[in-house]
Number of protein chains: 2
Amino acid sequence: MNPLDQNGRTEKEFLAQYDPGDYPRPSIASDIVIFTVTSAAEDNYRKLPEKELRVLLIKRGGHPFLGKWALPGGFVRPTESVGEAALRELREETGVRSAYLEQLYTFSEPGRDPRTWVVSCAHMALLDSSGLEVRAGDDAGEVDWFRLCCTPLPEDDAPERLLATRRCRLELSNGADALFAVVEEASVHGAEYKILDNGGLAFDHAKIIACGLKRLRDKVEFTDLALNLMPEKFTLTQLQQVYEVILQRPLLKAAFRRKIAHLVSGTEEYTENAGHRPSRLFRRRPRGSG
Amino acid sequence: MNPLDQNGRTEKEFLAQYDPGDYPRPSIASDIVIFTVTSAAEDNYRKLPEKELRVLLIKRGGHPFLGKWALPGGFVRPTESVGEAALRELREETGVRSAYLEQLYTFSEPGRDPRTWVVSCAHMALLDSSGLEVRAGDDAGEVDWFRLCCTPLPEDDAPERLLATRRCRLELSNGADALFAVVEEASVHGAEYKILDNGGLAFDHAKIIACGLKRLRDKVEFTDLALNLMPEKFTLTQLQQVYEVILQRPLLKAAFRRKIAHLVSGTEEYTENAGHRPSRLFRRRPRGSG
DNA sequence: CAAATAGTGTCTTTAAGACATTATTAT
DNA sequence: ATAATAATGTCTTAAAGACACTATTTG
């Protein structure tokens with residue numbers, strides 16, 4: 001029950017005398033891809049506004065990568081987990097106190113931060129865009145939501161790749177700035193990314209954004225993840241638009257409704273003054289009621 | 001092209017003078033759940049041997065958790081990524097030079113290591129068991145493969161849980177030692193685990209094993225992950241047994257074969273002297289040939 | 001032949017895709 | 001009425017489940 005080690009010490013004695021030594025230690029950062037889906041300004045009379053997938057970026061005000069755009073993030077404290085650090089960052093940058101948060105992947109390639117050894121634990125958060133106000137953090141120069149688009153690039157016909165790889169071009173724009181990155185993803189071993197080209201993103205954050213988008217796409221089709229992007233009440237067409245902007249392909253209405261029926265429950269409320277037939281409002285189905 | 005910061009320095013100058021400061025830094029460890037599937041000793045005449053899912057554990061020879069069993073792992077060096085560290089550990093403990101490796105999750109709860117602040121980046125590796133020899137590492141007291149079983153526990157009817165949680169009991173045995181752990185998994189936020197009971201496992205490694213098993217199960221049904229557990233040539237029944245031992249449920253033969261047909265290609269070789277009809281040998285289908 | 005596994009055929013069930021039809025509103 | 005979206009019905013297609021049947025080997 002209280003075993004002694006080779007030096008005859010109990011665990012308590014061992015811990016009291018433990019010397020962490022001077023092995024090199026990294027800093028550990030928590031970075032976060034914050035997704036939301038917004039409506040584009042509705043241009044035409046009585047048409048539904050288009051949806052856009054957006055990501056929050058912060059313009060770097062100091063070296064390294066001065067002037068480039070980076071994901072929100074910061075160093076983890078010894079008293080918190082990496083997830084708690086991510087929530088703290090989320091709160092500091094957006095004022096949002098709670099949200100869906102999921103750990104993505106830990107990026108640790110030596111040299112990924114030119115300053116020193118920094119391992120980054122990447123997360124994604126999903127926010128409902130209604131009532132979102134970007135609040136500039138203390139140290140942040142500029143903060144803005146960037147529209148995110150991802151176009152797959154054709155397979156290169158390189159003679160016999162060992163791994164199945166896919167390339168895509170990420171494009172991010174906020175109206176003023178247009179950023180891009182070409183990222184190669186090796187589908188083996190979970191997720192291994194390589195940045196082939198990069199216009200305006202700091203660090204290896206293009207990898208992290210690609211990783212977050214992939215996770216979002218992979219999970220949206222067979223989980224209720226998308227509901228975290230919705231306000232409390234929403235129409236099924238709005239929900240379908242969110243799926244479509246994430247998957248970047250149109251879905252068939254009837255099939256979509258069958259598929260997500262068990263995730264939502266209808267209210268007795270309807271939209272009004274929309275220039276066409278009113279649409280029923282739904283809410284997320286609470287757990288266990290199904 | 002070469003912007004200056006508030007102090008009028010270029011990035012090069014900034015980096016030359018960069019002082020990492022004395023923020024506290026964690027040690028970063030890479031732990032690894034090494035899975036393999038072995039055949040139980042075949043007891044009866046001309047019957048097929050049963051398959052067992054096994055995990056490699058190491059008995060701790062020093063504090064903390066002296067005498068408990070732990071996953072292979074060790075500290076990451078500044079010149080390697082966490083994945084490279086995991087492969088190094090894998091090689092040291094098993095002699096295997098390459099294998100399927102996938103990053104699982106980063107465990108960072110304060111206090112998870114009683115010595116000091118240690119963040120663990122968990123991985124899983126999949127090995128073909130044929131010709132596997134456990135090689136005791138330098139610092140390892142005992143190394144052994146433990147049969148892994150997981151039984152779901154009934155939902156507790158606690159009044160209104162906020163999160164959907166599932167509980168399961170892990171059982172690990174190597175013949176001499178029998179370990180167990182009861183783990184609660186919150187299916188929200190990717191993966192959040194709580195250890196409710198623990199018999200014989202060191203650190204939070206019960207969480208890591210539960211996390212690895214979940215990943216293995218989730219991915220085996222819609223990827224070719226299981227093929228990493230097979231030798232070069234195998235019968236479809238053997239492959240089905242591997243799926244069954246991972247999923248812990250029987251599969252229908254005809255449906256299974258339809259489903260995995262595109263993952264394998266048949267050879268002209270057959271099993272011999274098995275006491276029944278010979279079985280065709282298959283191999284993993286190389287990429288792009290399909 | 002008996003015992004065992006190998007391998008396939010086919011009917012049923014379920015989910016998804018495709019598309020048409022009817023309903024309802026604001027101007 | 002018209003232009004728009006809302007909502008649902010139903011036929012087709014594809015995949016999975018269920019189960020039976022035939023084939024082939026060794027002892």
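Every heavy atom of this structure was used, including side-chain atoms; hydrogens, water molecules and symmetry mates were not. Please read all numbers here as calculations on a predicted model, not as lab measurements. Convention: sequence-line order gives letters A, B, ...; per-chain numbering from 1.
- Counting only residues at least two apart or on different chains, the ring-ring contact (aromatic ring centres under 6.0 Å, His included) pairs with a member in residues 228-258 of chain B are B:Y243-B:F256.
- The CD-P distance, from A:Q238 to D:dT5, rounds to 13 Å in whole Å.
- One can place CG of A:L247 at 11 Å from P of C:dG17, the figure rounded to the nearest angstrom.
- Between the A:S129 side chain and the A:V37 main chain, a donor and an acceptor come within less than 3.5 Å of each other.
- There is a side-chain donor-acceptor pair under 3.5 Å between A:R284 and A:N228.
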Protein-nucleic acid N or O pairs under 3.5 Å, nucleotides 7-13 of chain C:
from   : atom 1 : to     : atom 2 : distance (Å)
C:dG7  : OP1    : B:R280 : N      : 2.8
C:dG7  : OP2    : B:R257 : NH1    : 3.4
C:dG7  : OP2    : B:S279 : OG     : 3.4
C:dG7  : N7     : B:K253 : NZ     : 2.8
C:dT10 : O4     : B:R258 : NH1    : 3.3

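- Under the side chain to side chain contact (heavy atoms under 4.5 Å, CB included) criterion, B:D218 pairs with B:K214, sequence neighbours left out.
- You'll find the side chain of B:Q240 reaches within 4.5 Å of the side chain of B:K253, heavy atoms only.
- Distance, A:I260 CD1 to C:dA16 P: 12 Å, rounded to whole Å.
- Between D:dT5, D:dT26, D:dG17, one nucleotide has an atom nearer to the side chain of B:N273 than all others, and that is D:dT26.
- Taking atom CZ of A:R249 as the reference point, atom P of C:dA16 lies 12 Å away to the nearest angstrom.
- Each of B:H276 and A:H276 lies near DNA chain C, and the nucleotide nearest B:H276 is the one positioned closer to the 5' end.
- D:dT5 atom P lies 18 Å from atom CG of A:L239, rounded to whole Å.
- The nearest whole Å value for the distance from the CZ atom in A:F256 to the P atom in D:dT8 is 14 Å.
- Across the protein-nucleic acid pair, B:K259 atom NZ and D:dA18 atom P stand 14 Å apart, rounded to whole Å.
- The distance between atom CD of A:Q240 and atom P of D:dT8, rounded to the nearest whole Å, is 14 Å.
- Looking at heavy atoms from C-beta onward, A:D128 lies out of side-chain contact with A:L229 at the 4.5 angstrom threshold.
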